[in-house]
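I have placed the structure first, in the form of structure tokens, so that the comments after it can refer back to it.
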Amino acid sequence: MKKQDINLKDLKPNSDKEHSHDDGHNHGDQSNNFKAYIPAIISFTMLIVGIALDYFDVSFFKDWVRIVWYTIAYVPVGFPVVKEGWENIKKGDVFTEFFLMSIATIGAFVIGEYPEGVAVMLFYAVGELFQNAAVNRAKGNIKALLDVRPKEANVFRNGDYKNVSPESVEIGEKIQIRVGEKIPLDGILLSEKAALNTAALTGESKPDTVNKDAKVFAGSINLESVIEVEVTNKFEDSSIARILDLVQNATARKSKTELFIRQFARIYTPIVVFLAIGVTFIPYFFVDDYVFRDWLYRALIFLVISCPCALVISIPLGYFGGLGAASKNGILFKGASFLDAMTKINTLVMDKTGTVTKGVFKIKEVKAIGWEETEFMNYLMAMEEQSTHPIAKAIKEYQQETNNFKANQVSEVAGKGLKGIVNGKEVLVGNKALLVSNNIEVPNETESIVESIVLVAIDTVFAGYVVIADELKEDAKETISSLHKVGIENIMMLSGDKDSITQKVASELNIEKAKGGLLPEDKLNEVETLKKNPENKVAFIGDGINDAPVLAASDVGIAMGGLGSDVAIETADVIIQTDQPSKVVRAIKIGGSTRKIVWQNIGLAFGVKVIVLILGAGGLATMWEAVFADVGVALLAILNAIRLQRMSW
């Protein structure tokens, strides 16, 4: 099953250890979904009415009336199959299941077994509907992805700003971006500073604040004030376009997965056709009272019996049960083939931010030196009240009963932090550069801290620091341990965040291989290197837009759907709707159970089919017996598939 091509963006990761104040579906048309069932409903209704009229031997329901009635009943479900079979024949692909279904059901009409012909094709159509429902239910509309790309640019022309298409903006022109809008093109910041949300682009958990003349990239979201940017790249050369190209190429490199029935039919169909021909003509050489019509009748019965209806139904039903069970567990598979693919994974590559961490800043540690922690935090929080920086917001969430401290004369020191007066004391809050420039000695212990850190000095004396970090998800450690238990030994973490932070998180989770500071291209190269070993079946789990190329290139792409970007979700094959990484383990187990159920259904359907085929060839089975045999097998397959809904993993 082929993944869809997606529109995406790219950005160089940029993270600072120290705190500096200079530093956001289309669900498809339900009516169209219902329309797909209308042909089957019409055929089913007409078939039941026709059988009832036959049973009660209604006088007018004879000869041409009966033929026309069943022909009309056949057309809604039969015509698409016959048409598909004919199209394949024109392409040189004769022995498909479409061809077999066509000649078998048309053959039933030739020998006057009209209800059987309609029933067999109806069963086939229902099986196809089950499969299509399972896949379509899991797919989003690709048109929704266009929302990721900025649709307009506010460009300065003829003394005024005008909204135009980003494609029409030239290099060197000036554009304006309002608060909450996406930057439409790569460029250089003309404003004094800008606060940008790049989380979906880089996987970087900390929003970025850049100064005048810094590079800014298409797709970043402007957070705080109106900014102006000078365009440096045309739209087709922007970060969005480059990542789009990456994803398209990665998707093209993925091989198509054919469901088992399609591969099986290429062998099964010609064998059955030639056996039917043999049943018709071979007896001529061995039977004294050979009558062509009788043996043709028997061959057509054999052909009708041979239709792989139970196989066609049992396979999608098994997968549908697996898809339903996964959905109840907060896991969305985009197709039946990925349930199988999950069972073959032996190498898992994962992103960090938003995948195993929450992607939200929290205070990790408060270290007050020479002060009570409560009083120390009162000074710090009074200063941070003057700031809207994301790290300041994290500090202000510190639980404090009362804080009557007020900050005055607060000024911002560009790229360093804040300076002000709190309760008559001079307070400095920011990074090491701020304290050093004010001749304040910073303890060496702060150098070993890899997370974002806020340093505080009160009355020219170092007073302590606060460590701000992204939190691990509650089930992150359990996930890594469980992955090993289900046979995935090779686990790697790749992140756009700083390498030091990435290595620290990997160490906490007992992940042996980890790399940080990576561009989307770097992640893609790492995964493709792993895939060069044919023994590696690689899954990638991520949530950011920058993860989309890797999600597309991996054997199985897994997106964290709760907080993840729409693009990553649309590119992925499996979506963890609850944002819990431990659900990946459950997805693997559900895939394994589904595979067992499907093969049980295949064995059951094929076994019964062989028995009935032998009886049919010997003249001991009629078409109705064959149809009811199929129905019985289908019911058993349904019951078997329902077991998946009741299992726990």
Side-chain angles (χ1 to χ4, degrees), residues 14-23 177-179 188-198 206-214 216 222-229 361 363 366-398 400 402-443 446 449 451-468:
N14 180 22
S15 174
D16 295 321
K17 175 175 88 173
E18 298 170 330
H19 173 39
S20 167
H21 286 274
D22 200 59
D23 294 334
I177 301 95
R178 303 181 187 92
V179 176
I188 299 293
L189 182 65
L190 298 177
S191 303
E192 288 302 316
K193 67 173 184 176
L196 305 175
N197 179 355
T198 64
K206 175 175 146 185
D208 195 18
T209 301
V210 296
N211 296 320
K212 185 175 181 178
D213 296 329
V216 293
N222 182 26
L223 294 178
E224 291 184 356
S225 59
V226 177
I227 60 172
E228 293 180 341
V229 172
F361 274 112
I363 293 177
V366 176
K367 181 67 177 290
I369 300 175
W371 295 85
E372 289 290 332
E373 181 178 315
T374 301
E375 190 174 11
F376 168 78
M377 287 301 297
N378 281 340
Y379 278 103
L380 174 57
M381 292 173 70
M383 292 290 291
E384 296 290 11
E385 286 292 339
Q386 309 298 312
S387 174
T388 59
H389 193 281
I391 286 182
K393 292 177 182 177
I395 290 173
K396 285 184 282 188
E397 290 179 2
Y398 181 81
Q400 193 81 301
T402 58
N403 182 13
N404 298 320
F405 288 31
K406 299 295 179 184
N408 302 301
Q409 302 175 34
V410 177
S411 60
E412 184 171 355
V413 182
K416 297 180 180 179
L418 296 175
K419 183 176 183 179
I421 303 296
V422 179
N423 285 9
K425 298 182 184 294
E426 183 184 71
V427 180
L428 300 174
V429 175
N431 57 24
K432 183 177 180 180
L434 176 66
L435 271 62
V436 170
S437 64
N438 284 271
N439 299 317
I440 298 171
E441 186 176 349
V442 178
T446 61
I449 298 173
E451 296 92 345
S452 296
I453 180 173
V454 182
L455 305 177
V456 181
I458 302 175
D459 275 349
T460 70
V461 177
F462 184 77
Y465 57 84
V466 174
V467 177
I468 308 292

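Nothing fancy with the numbering, it's 1 onward along the sequence. All of these numbers come straight from a predicted model, not from anything done at the bench.
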Working to the nearest 0.5 Å, report the span between NZ of Lys212 and CD1 of Ile188.
-> 12.0 Å
Distance-minimising heavy-atom pair for Ile227 and Ser191 = CA-OG, 3.3 Å
Inter-residue atom distance Ile177.CD1 - Leu196.CG, 0.5 Å rounding = 9.0 Å
How many angstroms lie between CD1 in Ile468 and CD in Glu451, if you round to the nearest 0.5 Å?
-> 10.0 Å
So do Val454 and Glu384 actually touch side chain to side chain, heavy atoms under 4.5 Å?
-> yes
At what distance, to the nearest 0.5 angstrom, does CG of Leu434 lie from CD of Glu412?
-> 10.5 Å
Over 12 foreign heavy atoms within 6.0 Å of NZ, Lys406 | no
Find the distance between CG (Leu455) and NZ (Lys432) and round it off to the nearest 0.5 Å.
-> 9.0 Å
How about Leu428 and Met383: do any of their side-chain heavy atoms sit closer than 4.5 Å?
-> no
Minimum-distance pair of heavy atoms, taken over all atoms of Ile440 and Val461 = CG2-C, 4.4 Å
Compare every heavy atom of Phe462 with every heavy atom of Glu441, then report the nearest pair and how far apart it is.
-> O-CB, 3.6 Å
Which heavy atom of Thr446 sits nearest a heavy atom of Val442, and at what distance?
-> OG1-CG1, 3.4 Å
Can you find a pair of side-chain heavy atoms, one from Met381 and one from Ile395, that are under 4.5 Å apart?
-> yes
State, to 0.1 Å, how close Glu426 and Ile421 come at their nearest heavy-atom pair, and which atoms those are.
-> CA-CD1, 3.8 Å
Under the side chain to side chain contact (heavy atoms under 4.5 Å, CB included) criterion, do Val456 and Phe376 qualify, and how do the steps go?
-> CA-CA 9 Å; Val456 181; Phe376 168 78; 3.7 Å; yes
With the side chain counted from C-beta on, respond yes when Ile458 and Glu375 share a heavy-atom pair under 4.5 Å apart, and no when they do not.
-> no
Using atom types as modelled and distance alone, determine if a side-chain donor or acceptor of Asn378 lies under 3.5 Å from a backbone N or O of Phe405.
-> no
Please list, chain by chain and in numerical order, all residues satisfying side-chain hydrogen bond (donor to acceptor under 3.5 Å, both in side chains) with Tyr465, sequence neighbours excluded.
-> Glu445
Taking every heavy atom of Val413 against every heavy atom of Lys419, the minimum-distance pair comes out as CG2-CB, 4.4 Å
Identify, with sequence neighbours excluded, every residue that meets side-chain hydrogen bond (donor to acceptor under 3.5 Å, both in side chains) alongside Glu397.
-> Lys362
Counting N and O atoms only, with roles assigned by atom type, does the side chain of Asn431 sit under 3.5 Å from a partner on the main chain of Ala433, one being a donor and the other an acceptor?
-> yes
Output the distance between atom CG (Leu380) and atom CD (Glu373), rounded to the nearest 0.5 Å.
-> 11.0 Å
